[in-house]
Participant: 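Could you have a look at this structure, given as structure tokens, before my questions?
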Amino acid sequence: MTPQVYLKPGKEARVLAGHPWVFRSDIDRAQKEANPGDVVRVIAAKGRFLGQAVYNPHSMITLRMLSNDETPVDRAFVKTRVREAIALRRQVADLDCCRLIFAESDRLPAVIADKFGDVISLQILSLGMARFQEAIVEALVEELSPQGIWERNDVPVRELEGMSQSTGLLWGSVPDRVEIRENGLKLWVDVKQGQKTGYFLDQKENRAAIAPFARDARALDICTHTGGFALHAAMYGAKEVTGVDLSEPALAMALENARLNGFDQVAFVRANAFDFLREQGDAGEQYDLIILDPPAFAKNKASLPGARKGYKEINLRAMKMLGTGGVLVTCSCSQAMLPELFRQVIQEAAADAGVTLQQVEWRGPARDHPVLLASGETNYLKCGIFRVLQ
């Protein structure tokens, strides 16, 4: 019989509203038969059955909901979920490079699968879902027949789940790097050692959105990583592009990507983003298009005050280098930085910079990163496109 976990009084509301997480502090007790990684039945304090979840008492997120009914959670169940996730990507994405599985949004909690050409990069960050790894790999192979699947479980959060970090070959064969096409741009992706799963696919549609503003522009891409926004700006006709990042390996790949596309108007600089913006501003440099795509400044709510200052400073310095009609593309991938707060910070920066901003577009993650309406955490990426009015 499936073991049961009971919630404290009143703590069922989030589950009933569709949120997939139950925190340790919301749990009253678990039957002694419930072991870490097990699928369990979730029961409200008054005895109401709420659904099934994977259970890990060692994690702050102790329950990750899988269903709200009694359907057996087994290999067949998981493989069906994988097929459903891929079916959506066939509708909305380019399967040459896209996110195939987006964790809770695809009702496969803590499971990430990204496709780069004929290679799939797989990440499983939950103990309970790690037990289904073989079924997930099998379903991916059955649906897509990839050249290979590579494990990217080199993430510290796995240790919070009581798991070790690991990487390696799960199926087939995987080269050290893969060439993809994103919006027509050719890019190398380091599946084995690149950041996260190898490349940031969530910005794919946002990178395409800069096309109207790049032609003949002098463009600056802050936190360029392997050149995503910078190289798109070049492809869309920018006359001069500078990409800035602190990572030497990322910049080396960015330079290779520029050469792969035959761009000679792109330069890459290794520098701290804040220092570079301050030095450029002090030197009186001006740009037509500035893209800000920094890493998450706020990892949690406790770090929000410092993150808010960081976002304000980086935006303020950028705005000062944009003349009338200049375009600012500014992003935040911090979950804790909610959209309205991010917009507020941008407006505060504009006020201090003495400029008026005209919002051209407000964007989120690409469609292969669907948002679970009941879970604000899945709507983590904000991307605002603003025109500067003096």
Side-chain angles (χ1 to χ4, degrees), residues 19-21 23 59-61 99 102-105 109-110 112 114 123 125 155-158 160 194-207 209-210 221-226 228-229 244-247 250 272-277 290-319 328-350 352 357 359 361-386:
H19 200 286
W21 294 349
F23 297 101
S59 172
M60 184 179 71
I61 305 173
R99 175 148 293 181
F102 186 34
E104 277 75 358
S105 285
I112 298 291
D114 287 341
Q123 192 174 77
L125 307 180
V155 185
V157 72
R158 276 176 62 95
L160 301 177
Q195 274 189 272
K196 302 288 187 178
T197 60
Y199 183 66
F200 297 106
L201 290 168
D202 53 0
Q203 291 278 29
K204 181 176 182 178
E205 293 169 17
N206 296 334
R207 286 188 277 260
I210 72 170
D221 178 17
I222 296 294
C223 301
T224 190
H225 189 231
T226 56
F229 274 107
V244 179
D245 206 280
L246 201 52
S247 167
N272 174 279
F274 292 93
D275 293 342
F276 184 87
L277 287 169
I290 298 180
I291 301 115
L292 305 175
D293 186 21
F297 289 164
K299 299 293 185 182
N300 48 50
K301 290 183 179 180
S303 59
L304 258 180
R308 182 170 180 161
K309 291 179 182 177
Y311 282 119
K312 181 177 178 181
E313 181 181 348
I314 199 172
N315 279 277
L316 186 152
R317 293 192 180 281
M319 291 174 199
L328 174 68
V329 179
T330 181
C331 310
S332 167
C333 60
S334 299
Q335 286 183 352
M337 177 66 67
L338 298 178
E340 285 308 313
L341 179 58
F342 188 47
R343 270 194 282 256
Q344 181 180 336
V345 170
I346 294 167
Q347 174 53 32
E348 290 172 358
D352 285 0
L357 288 185
Q359 181 176 305
E361 198 169 358
W362 187 262
R363 305 179 60 87
R367 288 177 293 176
D368 57 5
H369 291 63
V371 171
L372 192 65
L373 200 57
S375 174
E377 294 85 354
T378 61
N379 190 20
Y380 65 97
L381 180 63
K382 287 77 60 179
C383 177
I385 302 178
F386 298 94

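If you're wondering where the values come from, they're calculated on a predicted model, not measured in any experiment.
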Participant: Would you call Leu292 and Val329 a side-chain contact if the rule is heavy atoms closer than 4.5 Å?
Facilitator: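 No, side chains not in contact.
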Participant: Should Arg99 and Asp202 be marked as a side-chain contact (heavy atoms from CB on, under 4.5 Å) after you check the CA-CA gap, both sets of side-chain angles, and the distance that decides it?
Facilitator: CA-CA 8 Å; Arg99 175 148 293 181; Asp202 53 0; over 6 Å; no
Participant: Roughly how far, to the nearest 0.5 Å, is the CG atom of Leu304 from the CG atom of Leu341?
Facilitator: 6.0 Å
Participant: Does the side chain of Leu277 come within less than 4.5 Å of Ile222's, by heavy atoms?
Facilitator: yes
Participant: From Cys333 SG over to Gln203 CD, what is the distance, rounded to the nearest 0.5 angstrom?
Facilitator: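 Output value for this atom pair is 8.0 Å.
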Participant: Main chain of Ala250, side chain of Thr226: is a donor-acceptor contact present, judged purely on distance under 3.5 Å?
Facilitator: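 No; judged by distance alone, with no hydrogens or angles, the pair does not exist.
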Participant: Rounded to the nearest 0.5 Å, how far does CG of Asn379 lie from NE2 of His369?
Facilitator: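 If I round to the nearest 0.5 Å, the distance is 12.0 Å.
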Participant: Measuring only between side-chain heavy atoms, which start at C-beta, is Asp368 closer than 4.5 Å to Phe102?
Facilitator: no
Participant: Do Phe386 and Thr330 pass the side-chain contact (heavy atoms from CB on, under 4.5 Å) test, and can you show the C-alpha distance, the side-chain angles, and the key distance before you say yes or no?
Facilitator: CA-CA 8 Å; Phe386 298 94; Thr330 181; 3.9 Å; yes
Participant: Looking only at atom types and distance, does a side-chain atom of Asp245 sit under 3.5 Å from a main-chain N or O of His225, one as donor and one as acceptor?
Facilitator: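 Indeed, once roles are kept as given, a pair shorter than 3.5 Å links the two residues.
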Participant: Within the structure provided, determine whether Ser59 and Leu160 are in side-chain contact (heavy-atom separation under 4.5 Å).
Facilitator: no
Participant: For Glu361 and Ala209, work out which heavy atoms get closest and say how close.
Facilitator: OE1-CB, 4.4 Å
Participant: I'd like to know if the side chain of Lys382 reaches the main chain of Pro365, judged simply by a donor and an acceptor atom lying under 3.5 Å from each other, with no hydrogens or angles considered.
Facilitator: no
Participant: If I take atom SG from residue Cys331 and atom CZ from residue Phe200, how far apart are they, to the nearest 0.5 angstrom?
Facilitator: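 Answer rounded to 0.5 Å: 12.0 Å.
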Participant: Could you tell me the separation between the CZ atom of Phe276 and the CG atom of Leu246, rounded to the nearest 0.5 Å?
Facilitator: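 Separation between the atoms: 12.5 Å.
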Participant: Under a 4.5 Å cut-off applied to non-hydrogen side-chain atoms, are Ile346 and Leu357 in contact?
Facilitator: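 Side-chain contact under 4.5 Å: yes.
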Participant: Are the side chains of Phe274 and Ile314 in contact, using a 4.5 Å heavy-atom criterion?
Facilitator: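 With C-beta onward as the side chain, the pair touches.
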Participant: Side chains of Glu377 and Trp21: is there a donor and an acceptor less than 3.5 Å apart?
Facilitator: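 Glu377 vs Trp21: no donor-acceptor pair found between side chains.
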Participant: Does Leu373 have more than 12 heavy atoms from other residues, nucleotides or ligands lying within 6.0 Å of its CG?
Facilitator: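 No.
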Participant: Are the side chains of Lys196 and Val155 in touch, meaning some heavy atoms are under 4.5 Å apart?
Facilitator: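 A side-chain contact under 4.5 Å is absent here.
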Participant: Do Arg317 and Glu313 meet the salt-bridge criterion of a basic N to acidic O distance under 4.0 Å?
Facilitator: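 Judged by the 4.0 Å cut-off on N to carboxylate O distance, Glu313 and Arg317 do form a salt bridge.
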Participant: Quick one, Tyr380 with Met337, criterion side-chain contact (heavy atoms from CB on, under 4.5 Å). Give me CA distance, side-chain angles, the key distance, then yes/no.
Facilitator: CA-CA 8 Å; Tyr380 65 97; Met337 177 66 67; over 6 Å; no
Participant: Hey, does the side chain of Glu205 reach the backbone of Arg367 with a donor-acceptor pair shorter than 3.5 angstrom?
Facilitator: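 Between the backbone of Arg367 and the side chain of Glu205 there is a qualifying donor-acceptor contact (under 3.5 Å).
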Participant: Give me the atom names and distance for the closest heavy-atom approach of Asp221 to Thr224.
Facilitator: OD2-OG1, 2.6 Å
Participant: To the nearest 0.5 Å, what is the distance between CG on Asp293 and CG on Asn206?
Facilitator: 8.5 Å
Participant: I'd like to know if the side chain of Tyr311 pairs up with that of Ser334 as donor and acceptor (distance under 3.5 Å, no hydrogens or angles considered).
Facilitator: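 Looking only at side-chain atoms, Ser334 and Tyr311 do form a donor-acceptor pair, the distance falling under 3.5 Å.
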Participant: Please determine whether side-chain contact (heavy atoms from CB on, under 4.5 Å) holds for the pair Arg308 and Phe297, giving the CA-CA distance in whole Å, both sets of side-chain angles, and the decisive distance to 0.1 Å.
Facilitator: CA-CA 8 Å; Arg308 182 170 180 161; Phe297 289 164; over 6 Å; no
Participant: Looking at Leu372, is its backbone amide N or carbonyl O close enough to the side chain of Ser375 to form a donor-acceptor pair, meaning the two atoms are under 3.5 Å apart?
Facilitator: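 Pair absent, no side-chain N/O of Ser375 close to backbone of Leu372.
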Participant: Does the pair Lys312/Asp352 count as a salt bridge with the N-to-O cut at 4.0 Å?
Facilitator: yes
Participant: For Glu104 versus Pro109, what's the shortest heavy-atom pair and its separation?
Facilitator: OE2-CB, 3.4 Å
Participant: Shortest non-hydrogen contact from Ala110 to Ala103?
Facilitator: N-CB, 3.7 Å
Participant: Would you indicate whether the side-chain heavy atoms of Met60 and Phe23 approach each other to under 4.5 Å?
Facilitator: yes
Participant: Does a donor on one side chain and an acceptor on the other come within less than 3.5 Å for Gln344 and Glu348?
Facilitator: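 Indeed, the side chains of Gln344 and Glu348 share at least one donor-acceptor pair under 3.5 Å.
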